[in-house]
Amino acid sequence: MKDLVRRARKARNLGKWNEAYDAYKAAFDAAEAVPSAIRERAELAGELGLCALALRKYREAAEHLTWSLEQGHALTDEVRIRFEAGQAKAAFYLIRVLLSVDPPDAEVFIDGKAIGRTARTYKLFLDPGRHMVRARAPGSEDALHVVSADAGSELEIAMQLPRLAVSSAKEAPAAPAAVSALPAARPQATSPWASWPGTLRITGIGLTAATASLGAVFMVRASTADGDLEERNKELDAAGVSPGVCREPPKPATCAELTRLRRERDLFAGLGTAMVVTSGVVGAATLASFFTDFSFLRAEPTKTRIALTPTVTPAQVGLVVYGAW
């Protein structure tokens, strides 16, 4: 094992990443046969992850580095900092998933491939795009979830497998039960704010408040300009100047100021009216959305429904329809 590590370090220093990867992999496999070599396995897993990162094997790099960092007590501070930086770089190109499964002895499959171990929680790294997560356990209904996200996303998925009734357990297998995927910041699956209609509602409320505030400000400014205009007209009346003096040349200097005030009043009055009308329209649309059923656009289907997902590519536009049977 020591000879393999020396060869791996030499290849790494020369930038021969494939050779370094193979040597570190062989050393890590050899260290697994020694139960007491916890520190060696942790460091070798991290070095193997850094080699995979250099070879752009981002998923493998993230998995090795994460396992190594979980053995943090066996790593020095300097080594841990290097591995944490490598893990963050690899995760930038992946989807990070925190998966919890109940019961914990359920088998978990990603795109049809078994994870290979059982646990209550899993830290998974997936390539960007769409993936199928499935869990099954004896005496329970299957759970099915579709993951679709971009690189750098973080998702939290809770999969609970309901127990089969005694009578139905002897019949045909039940359809997979749909589960909910929760962004880490919003754990409530039933919250109306956890989907895109909720985001639009929040945006609508913000726009309503903003346009109403701007409309009020513009109206106040128009009222101020109108008050200044009225005051100037009173001063002209007191000076004995007729109201039509500004229509015939030569025009006194006061006429220019009156024209400016009049234009300012009309401009802000128009803007204020437009903002108030816009606020009313957006507010009405936002209010109406609370009484509109968007369930047909849910990100995942229920047991008895299908889900519709709009799809746009450079070559085609359409709908993806899927469900659980």
Throw together a table of side-chain donor-acceptor distances under 3.5 angstrom for residues 88-108, partners on residues two or more places apart or in other chains.
residue, atom, partner, partner atom, Å
R96, NH2, E154, OE2, 2.8
S100, OG, I157, O, 3.4
E107, OE1, R136, NE, 3.3

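Here R82 pairs with E47 in a salt bridge; the nearest charged N to carboxylate O distance falls below 4.0 Å. Using a cutoff of 4.0 Å between basic side-chain nitrogens and carboxylate oxygens, D77 and R80 are scored as salt-bridged. Electrostatic pairing of D22 and K25 does not count as a salt bridge here, judged by no charged N lying under 4.0 Å from a carboxylate O.
In this structure, A45 and W67 approach most closely via the heavy-atom pair CB-CE3, 3.6 Å. Scanning all heavy atoms of the two residues, the minimum distance from A135 to L161 falls at O-CD2, 3.7 Å. A20 approaches A11 most closely through the heavy-atom pair N-CB, 3.7 Å. Of all the heavy atoms in L53 and G86, the pair that sits closest is CD2-O, 3.7 Å. Summarising the geometry of G46 relative to L65, their closest heavy-atom pair is O-CD2, 3.3 Å, with the distance given to 0.1 Å. Across A61 and G49, no two heavy atoms sit closer than the pair CB-O, 3.2 Å.
Here the side chains of T66 and F125 are in contact, with some heavy-atom distance below 4.5 Å. Proximity of I115 to L124: side-chain heavy atoms (C-beta onward) are separated by under 4.5 Å at one or more points. Proximity of R12 to L50: side-chain heavy atoms (C-beta onward) are nowhere separated by under 4.5 Å. Between R6 and R9 the shortest side-chain heavy-atom distance does not fall below 4.5 Å.
Atoms NE2 and CZ, on H64 and F28 in that order, are 7.0 Å from each other to the nearest 0.5 Å. A distance of 10.5 Å separates CD of E156 from OG1 of T121, quoted to the nearest 0.5 Å. For the atom pair CE of M219 and CZ of F268, the computed distance is 12.5 Å after rounding to the nearest 0.5 Å. Rounding to the nearest 0.5 Å places CD1 of I38 at 11.5 Å from CG of L75. A distance of 8.5 Å separates CD1 in I110 from NE2 in H131, rounded to the nearest 0.5 Å. Between the CG atom of L126 and the CG atom of D111 there is a distance of 7.5 Å, given to the nearest 0.5 Å.
A chain of hydrophobic side-chain contacts below 4.5 Å, direct or via other Ile, Leu, Val, Met, Phe, Trp or Tyr residues, connects M1 to Y24. Two different hydrophobic clusters hold W17 and F83 under the rule that ILVMFWY side chains link at heavy-atom gaps under 4.5 Å. Taken together through direct or relayed side-chain contacts under 4.5 Å among Ile, Leu, Val, Met, Phe, Trp and Tyr, I202 and L207 form parts of separate hydrophobic clusters.
Note on residues 34-43: pairs passing salt bridge (charged side-chain N to carboxylate O under 4.0 Å, His left out), not counting sequence neighbours, are R39-E43.
Judged purely by atom type and a 3.5 angstrom limit, S68 uses its side chain to pair as donor or acceptor with the backbone of A42.
Residues meeting the side chain to side chain contact (heavy atoms under 4.5 Å, CB included) test with M275, sequence neighbours left out: T211, L214, F218.
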